[in-house]
Amino acid sequence: MATKTQEVEAKGGQSRHRSLGLTDDQALRMYEVMRLARAVDERMWLINRQGRAPFVISCQGQEGAQVGTAAALRPGHDWVAPYYRDAGVVLWFGMTARDQMLSFFARREDPNSGGRQMPGHYGSKRLHIVTGGSPVATQLLHAAGVALASKQRKEDAVTATFFGEGGASQGDCHEAMNFASIHKLAVIFVCENNGYAISVPQSHQMAIQNVADRAAGYGFPGVVVDGNDILACYEVARTAVERARRGDGPTLIEAKTYRFTAHSSDDDDRRYRQAEEVAIWRQKDPIQRYAKYLRESGTLTDPVEQEISERIEQQVDDATEYAEQAPDPTPEELTKFVYKQEPRP
Amino acid sequence: MATKTQEVEAKGGQSRHRSLGLTDDQALRMYEVMRLARAVDERMWLINRQGRAPFVISCQGQEGAQVGTAAALRPGHDWVAPYYRDAGVVLWFGMTARDQMLSFFARREDPNSGGRQMPGHYGSKRLHIVTGGSPVATQLLHAAGVALASKQRKEDAVTATFFGEGGASQGDCHEAMNFASIHKLAVIFVCENNGYAISVPQSHQMAIQNVADRAAGYGFPGVVVDGNDILACYEVARTAVERARRGDGPTLIEAKTYRFTAHSSDDDDRRYRQAEEVAIWRQKDPIQRYAKYLRESGTLTDPVEQEISERIEQQVDDATEYAEQAPDPTPEELTKFVYKQEPRP
Amino acid sequence: MAVKTYIEAIREGMDEEMARDPSVFLIGEDVGQRGGVFLASDGLYKKYGEDRVIDSPLAESCIVGVAIGAAVNGMRPIAEIQFADFIAPAMNQIIEEAARFCYRTAGDFNLPMVIRAPWGGGVHGALYHSQSIEATFSHIPGLKVVAPGTPADAKGLLKAAVRDPDPVLFLEHKRAYRLVKGEVPDGDGVVPIGKAEIKREGKDLSLIAYGLMLTYCLEVAEKLAADGVSAEVLDLRTIKPIDQAAILATAKKTGKVLVVHEDNRFAGIAAEVSAIIMENAFDALDAPVMRLTGPDVPAMPFNHVLEDAFMPNAEKILAKAKELAAY
Amino acid sequence: MAVKTYIEAIREGMDEEMARDPSVFLIGEDVGQRGGVFLASDGLYKKYGEDRVIDSPLAESCIVGVAIGAAVNGMRPIAEIQFADFIAPAMNQIIEEAARFCYRTAGDFNLPMVIRAPWGGGVHGALYHSQSIEATFSHIPGLKVVAPGTPADAKGLLKAAVRDPDPVLFLEHKRAYRLVKGEVPDGDGVVPIGKAEIKREGKDLSLIAYGLMLTYCLEVAEKLAADGVSAEVLDLRTIKPIDQAAILATAKKTGKVLVVHEDNRFAGIAAEVSAIIMENAFDALDAPVMRLTGPDVPAMPFNHVLEDAFMPNAEKILAKAKELAAY
Ligand SMILES: Cc1ncc(C[n+]2csc(CCOP(=O)(O)OP(=O)(O)O)c2C)c(N)n1
Ligand SMILES: Cc1ncc(C[n+]2csc(CCOP(=O)(O)OP(=O)(O)O)c2C)c(N)n1
Ligand SMILES: [Mg+2]
Ligand SMILES: [Mg+2]
């Protein structure tokens with residue numbers, strides 16, 4: 001099956017982003033958010049390896065799929081129910097490097113959870129990011145519920161939810177897609193298929209090539225897209241968003257991608273992945289690829305690149321310093337917020 | 001989509017059963033089991049309406065799908081994991097009218113459960129009928145597990161599991177089909193689609209026409225068949241069984257059918273079904289239809305019909321009498337068999 | 001005040017809350033056109049339309065998961081699980097998601113949602129239409145669990161549950177639906193979550209119960225009175241958060257406590273009540289706290305002999321209460 | 001006898017059972033090539049092949065449901081749930097199916113299957129990699145629940161679980177995996193399910209625990225001895241069926257009991273132990289049975305301050321034990 005990418009590349013050529021209706025500024029913002037997601041992540045690994053923080057879980061390699069799809073949404077108006085890799089999604093939706101680092105160091109000020117959850121467990125009511133726990137695929141049903149509420153109130157918000165191809169094996173995935181389709185809900189299901197659920201390769205997870213093929217069994221479109229081509233991701237997401245806003249129901253987008261790191265800082269991926277395989281995918285780095293396109297299309301110049309790099313460096317430094325020094329919660333906070341009794345401290 | 005039935009009818013004409021490799025005797029046995037299932041069920045309603053037993057749940061209308069598919073299996077060698085409507089399946093697999101009535105009256109001798117479960121909750125290790133509880137769709141995973149064990153031991157047994165289209169909405173259905181396909185297990189998924197989950201019509205259960213279309217999303221064939229045409233059901237099941245025994249993996253058979261009665265004796269289907277709709281389907285009674293075929297093909301004569309009727313009448317009378325007088329369990333049995341400590345009483 | 005059945009009170013409670021607040025809606029299997037398999041929502045589909053009374057697919061995780069999402073986005077869903085016995089497919093959504101939303105976000109998210117579940121036995125429901133689930137869910141921090149015993153409490157607690165900012169598991173005893181009748185105050189009689197109530201004053205011993213067992217305990221108290229034993233009956237009403245003060249007050253008052261429930265015994269609510277009294281009123285006890293509960297058997301069999309053997313009833317409670325009184 | 005870690009003992013136990021009986025197989029997420037996320041099954045995939053060490057899709061209901069079916073058809077599956085926190089999607093299969101197969105068929109079907117689940121906290125696992133689940137599952141009749149505290153018991157109970165005719169939930173404490181070491185008998189040392197063990201004799205008070213808490217209680221007993229308090233330490237080992245005789249024996253012997261667990265308090269195992277003692281040894285008590293447990297908070301936060309605040313440890317146990325001793 002030809003991927004969307006090839007089509008888009010054929011169509012758009014050197015000004016693909018403009019032919020997709022993206023201004024240069026927008027195209028550059030997408031680039032910067034990808035890079036910021038990557039930079040924060042890389043810094044986390046560094047700090048983790050120095051023993052200054054116990055746990056990292058990465059977005060690296062999947063930023064194209066994340067930022068590309070998220071960019072088709074309206075932050076603050078639309079909703080996202082992301083999963084733990086979706087640094088790119090939540091940064092697009094308004095989280096900051098500081099937020100990321102506060103969560104990484106599990107500080108009291110961590111906006112996701114006040115230091116209660118592991119990094120990667122995003123949530124912010126203000127930013128319309130539905131809180132996520134660790135059990136995979138539960139968020140697909142939450143997304144359907146959020147979209148149901150929008151429909152009940154006749155609002156045009158779209159809800160996008162993100163998950164790995166591993167999560168697609170869960171019963172909740174089936175139930176969510178079925179429900180969203182019955183009610184023609186404005187949901188976009190984004191499967192970031194990186195080929196593995198921790199160590200388990202796709203061939204042991206399913207007997208099909210494309211998760212997207214399941215959409216037909218629910219009565220809505222499924223599309224496969226090159227997840228490392230941010231503009232291709234943007235394009236299919238934009239189509240899905242339009243469809244959803246029209247009231248025509250959900251779309252399943254399967255973004256074929258790869259994770260560059262081990263599953264998490266607790267994992268050793270050499271036990272189940274060949275170094276060659278990882279190397280091949282590193283060649284397809286969505287950031288490099290997009291940078292190349294932006295340069296070739298004249299959108300990204302050296303001075304701009306320089307500025308972006310400096311901004312990111314500065315943000316990551318600032319965030320790290322700020323968060324590392326930020327206070328921990330006090331032991332008394334342990335028993336707070338089991339129920340919604342009190343205002344947030 | 002053209003149903004299998006039409007094809008089969010076109011192909012087989014007046015001696016369809018012989019062209020399917022069924023002897024006259026086999027064809028008549030199928031007829032008799034359908035009729036027995038129906039007769040036992042009708043008697044149960046009678047007794048229930050007289051207040052002599054608290055609960056009935058019926059096979060009526062679905063006997064063609066049940067006996068047609070079960071007849072493609074080898075009782076005692078193959079396995080079934082049926083659901084509560086599958087009187088036709090379990091009678092084909094060796095249960096008797098007495099067994100049915102013992103369960104109906106919840107007697108100690110009830111082979112399914114010793115009087116513990118409601119009627120329709122079949123189970124017999126000896127007969128290779130996997131015990132069923134009430135939660136729908138759990139049995140699909142059990143069937144996958146039974147088939148996995150057969151595969152692990154390199155045995156050629158096939159496992160068929162049966163469920164309503166309502167059950168197909170459960171996460172377990174997804175997980176079972178996915179797993180069975182990954183391991184190419186010898187499982188046949190038989191969905192008896194009667195258009196309703198209690199009161200909820202198919203249109204509120206899914207946004208697609210055919211449950212069978214989901215099979216593609218797992219990588220195995222899905223077929224739609226006229227569930228009221230027993231020979232068509234037999235044919236598709238036979239194909240599925242052959243495929244399974246060859247080691248080529250599962251098949252999903254969706255038998256379109258209808259239930260003639262309310263969901264159970266506790267239900268009032270007039271709250272959600274039009275009398276006309278029920279009447280139309282009664283015209284398509286799988287037993288009448290098969291009888292007509294058997295007569296027209298010269299397989300069923302008046303004397304044979306007479307014999308069958310007498311045999312059934314006698315069995316149902318005997319079973320009712322025997323079971324109604326059979327002893328209840330004693331209160332002491334309440335606490336037995338929480339664990340497998342003791343031999344069966 | 002008018003006399004109503006327990007199920008009428010619940011239906012009225014839902015109806016009034018839906019009329020009061022357009023963000024309240026109902027979702028579940030057969031709740032729409034059918035009006036629910038017990039007719040708890042009879043008439044609401046006609047009155048409020050299919051957007052507010054949603055017939056879901058046969059999928060409990062879906063029902064609860066969708067309700068969570070809707071609650072996130074400003075609605076107040078009432079999710080019906082057709083029988084408590086079928087709540088297990090939704091446990092991941094209830095235990096790992098709903099119960100933890102508030103805590104895991106340090107209060108940023110909260111879920112105003114109700115999960116209604118007809119529960120309990122004595123209705124020839126057999127192993128899968130008779131179960132008690134309160135211990136399982138009460139053990140989970142972040143959930144509130146309510147189990148009214150009277151029509152007035154059922155209606156008042158349902159209203160409280162709908163208005164509560166947190167997920168509430170609302171247990172409706174199936175046998176109480178039509179058996180239990182009582183006066184229900186007119187108007188907006190909200191009964192607070194977390195407050196037990198003494199349903200009968202007494203001084204010799206205390207019977208602590210909830211749900212259908214309340215009815216039986218009141219019967220038993222009447223019989224004990226005839227024998228000259230004065231029994232106090234404490235109706236927990238809310239199981240979680242439990243009203244520890246009320247439990248300790250009655251324990252200290254009478255010095256003898258019998259806790260009654262249908263749910264299995266091991267690590268059940270009676271064990272918790274016993275442990276609470278042990279820790280906080282040990283010196284006030286004149287006898288050990290006793291438990292009369294369902295046995296540790298998977299559930300109530302279909303056969304009536306076995307069902308009766310499982311089910312606590314007035315006779316069994318009376319015998320145990322007499323044992324306690326004589327201690 | 002050699003000294004081994006807790007996780008080595010478990011790995012050996014599986015290995016030996018798989019070697020002994022060809023019907024034993026392992027199924028779970030990442031159990032194959034990866035050897036499990038904790039390496040509990042490291043090497044088994046190579047040794048026994050992919051038919052007997054099955055990497056399942058990411059679907060817990062599938063893992064357990066398939067194990068049930070395989071057990072029906074003559075196999076003895078060991079199903080691994082990667083973290084106890086992720087068992088909830090399988091609850092319907094465990095509670096409503098596995099636990100009820102034997103009962104609902106009056107013994108015709110039984111399920112020889114083990115569900116292994118790494119559980120407990122103190123490993124920076126946060127809300128979803130720290131949970132305790134024993135109360136939830138022990139409440140369910142038809143399941144056996146085992147929670148060894150030493151390598152020898154871990155191996156011996158694993159063997160017993162594999163050979164048991166009924167479904168056994170086998171809880172492996174994550175923090176014990178590498179922290180807890182001990183002598184493990186050579187040969188086929190099966191430890192019977194359902195038997196507690198006194199791990200240290202004493203006469204002034206009893207500490208009752210299981211899992212990782214055993215290690216802490218033994219530490220505390222040592223410290224108490226230095227203070228002249230003789231503490232008996234009873235290791236439950238099996239939580240369900242619970243060894244009531246052993247509990248009552250130690251309670252009657254010392255008259256003072258402290259029950260310790262990480263799991264949430266409300267209707268937890270400590271409540272059951274307290275209620276059992278209340279009912280059967282009331283007159284032998286010199287003090288109320290006390291509980292030291294995890295608080296009723298959804299689970300252990302990631303931040304180390306909050307994690308420490310949640311987790312019972314030797315210091316907290318010691319303080320409570322002194323309170324009990326002084327009662
Ligand atoms: C219900 C559940 N079971 C197990 C886990 C443990 N776990 C965490 S991530 C993961 C693999 C997820 O794979 P996938 O969905 O493909 O996402 P990816 O990490 O590849 O992006 C597993 C098994 C979990 N989080 N939730
Ligand atoms: C998990 C679960 N939820 C709810 C029920 C209650 N219930 C029993 S049968 C049924 C409808 C089943 O519909 P379908 O699967 O289509 O089978 P049919 O009765 O139509 O043959 C429902 C909702 C159940 N048995 N299990
Ligand atoms: Mg993946
Ligand atoms: Mg149906």
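Letters A, B, ... mirror the listed sequences (proteins, then strands); counts begin at 1.
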Of the listed residues (D:Asp30, D:Val37, D:Val297, D:Ile54), which shares the most heavy-atom pairs with chain A below a 4.5 Å separation? D:Asp30

Provide the closest heavy-atom pair for A:Gln205 versus D:Pro57 in the form atom of the first, atom of the second, distance. O-CB, 4.0 Å

Can you check whether D:Phe86 reaches A:Ser134 side chain to side chain, under 4.5 Å on heavy atoms? yes

Which atoms form the tightest heavy-atom contact between D:Ala59 and A:Ser169, and what is the distance? CB-O, 3.6 Å

Name the member of D:Asp55, D:Asp85, D:Asp296, D:Asp308 that forms the most heavy-atom pairs with chain A at distances under 4.5 Å. D:Asp55

Which class fits the ring pair A:Phe55 and D:Phe302: parallel under 30°, tilted 30 to 60°, perpendicular over 60°? perpendicular

Side chain, backbone, both or neither: which part of D:Ile87 has an atom under 4.5 Å from a heavy atom of chain A? neither

Side chains of D:Met300 and A:Arg116: does their closest heavy-atom pair fall under 4.5 Å? no

Quick check: closest heavy atoms across D:Asn303 and A:Ala106, and the distance to 0.1 Å? ND2-O, 2.7 Å

Interchain contact, A:Val136 with chain D, by part (heavy-atom threshold 4.5 Å): side chain

For residues A:Val200 and D:Gln33, determine if any side-chain heavy atom of one lies less than 4.5 Å from a side-chain heavy atom of the other. no

Measuring heavy-atom distances to chain A, does D:Glu50 have an atom under 4.5 Å in its side chain, in its backbone, in both, or in neither? side chain

Are any side-chain N or O atoms of A:Asp328 and backbone N or O atoms of D:Val305, one a donor and one an acceptor, separated by less than 3.5 Å? no

Interface moiety of A:Thr138 toward chain D, non-hydrogen atoms closer than 4.5 Å: neither

Side-chain contact test, heavy atoms from C-beta onward, threshold under 4.5 Å: evaluate it for A:Gln170 versus D:Pro89 and give yes or no. yes

Which distance, rounded to the nearest 0.5 Å, do you find between the CE of D:Met311 and the CG of A:Leu334? 13.0 Å

So for atom CD, which belongs to A:Gln50, do other residues, nucleotides or ligands contribute more than 12 heavy atoms lying within a distance under 6.0 Å? yes

Distance from A:Ile198 atom CD1 to D:Leu58 atom CG, nearest 0.5 Å? 7.0 Å

One pair to check against salt bridge (Lys or Arg N to Asp or Glu O under 4.0 Å): A:Asp267 and D:Arg34. What are the steps and the verdict? CA-CA 10 Å; A:Asp267 182 34; D:Arg34 176 81 178 73; 2.7 Å; yes

Below 4.5 Å, heavy atoms only, C-beta onward: do A:Arg271 and D:Asp42 meet side chain to side chain? yes

Pairwise side-chain contact, A:Met118 with D:Tyr128, heavy-atom cut-off 4.5 Å (strictly under): no

More than 12 heavy atoms of other residues, nucleotides or ligands under 6.0 Å from CD of A:Glu321: yes or no? no

